[in-house]
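Both counts, for ligands and for their atoms, begin at 1 and track the order of listing.
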Amino acid sequence: MTERKVTAPDLLTMKERGEKITVLTAYDYPTARLVERAGIDVALVGDSLGNVVLGYENTLPVTMEEMLHHVKAVARGVERALVVADMPYLSYQISVEQALENAGRFLKEGGAESVKLEGGLEMAETVRRIVEVGIPVMGHVGYTPQSVHAFGRRVVRGKDEYSARRAMDGAKALQEAGAFAIVLEAMPAALAKEVTASLVVPTIGIGAGPHCDGQVLVIHDILGLGEGAPPKFVKQYARLGETAVEAIRQYAGEVKSGAYPDEEHSY
Ligand code: KIV
């Protein structure tokens with residue numbers, strides 16, 4: 001692990017060296033500090049902000065202004081990790097000009113060092129134009145949450161020949177357009193392995209098995225901060241939600257009983 005600032009081209013070097021790339025979401029200053037202190041390579045300010053932090057049902061309502069607010073906080077908390085800002089729904093799909101302007105805002109106003117957007121073949125031209133103005137772009141194929149209503153309940157992509165081909169062709173088109181890395185979400189491990197082997201640029205898997213060049217997860221999921229069972233691909237490394245609720249219960253109990261504040265915690 002390098003101590004130097006991670007740049008977008010460094011991810012390619014890591015793939016060449018066979019060094020796995022660690023990516024985790026961060027949404028604010030405290031989560032950015034946790035990611036940074038743990039030595040994660042890439043802090044992704046995902047539009048999962050919508051469902052994970054803002055309480056929306058999915059990522060669709062997330063706005064540019066909400067993303068910028070959180071990207072700025074993450075950029076303030078990170079020194080070494082590469083900051084990737086996720087472009088929210090309808091901030092890049094309307095026209096290439098709109099995509100350029102909004103991608104630029106994440107660097108100019110937000111302090112991000114790269115952007116991520118969803119879509120394969122259909123987004124290749126947009127990615128090419130953003131890359132041309134000096135903004136590194138991370139692609140995202142397979143299950144793309146902004147298409148939740150189009151996909152319906154069929155989350156895992158690439159089980160049938162058509163969606164497997166779309167994932168493969170999309171990833172290749174994004175690489176051709178200049179993307180520096182590509183997220184592969186919710187697909188059979190065998191397909192992710194094939195896509196990874198076909199690309200020069202690194203793949204970052206989420207629910208895509210062990211053969212990707214790196215992995216990304218949502219920080220609240222690995223820390224056990226959410227409610228209910230996480231998706232199958234998530235490994236929970238802690239159960240901080242339960243610990244937090246218990247601590248808050250104890251605090252409330254002590255306030256009610258008068259045990260807090262005691263002499264030690266008083267002036
Ligand atoms: O928004 C997000 O968090 C993502 C992921 C790939 C986890 O896009």
*Verify whether one side chain among Y27 and T25 offers a donor that lies under 3.5 Å from an acceptor in the other.*
yes

*Is the closest side-chain donor-acceptor distance between Y92 and E101 under 3.5 Å?*
no

*For K193, what residues pass the side-chain hydrogen bond (donor to acceptor under 3.5 Å, both in side chains) criterion, not counting sequence neighbours?*
none

Enumerate the atoms of ligand 1 whose separation from the nearest heavy atom of [X] is less than 4.0 angstrom.
X: I206; result: 7 (C)
X: K116; result: 8 (O)
X: D47; result: 1 (O)
X: T25; result: 3 (O)
X: G46; result: 1 (O), 2 (C), 3 (O)
X: S48; result: 1 (O), 2 (C), 3 (O)

*asked:* The criterion is ring-ring contact (aromatic ring centres under 6.0 Å, His included); which residues satisfy it with Y260, sequence neighbours excluded?
replied: H265

*Going by distance only, is there an N or O of D86 that falls short of 3.5 Å from an N or O of ligand 1?*
yes

_Approximate separation, where rounding is to 0.5 Å, of F180 CZ and L11 CG_ = 6.0 Å

*Closest to atom 4 (C) of ligand 1 among L217, L44, I204 (heavy-atom distance)*: L44

*Is the backbone of D28 close enough, under 3.5 Å, to the side chain of T31 for a donor and an acceptor to pair up by distance?*
yes

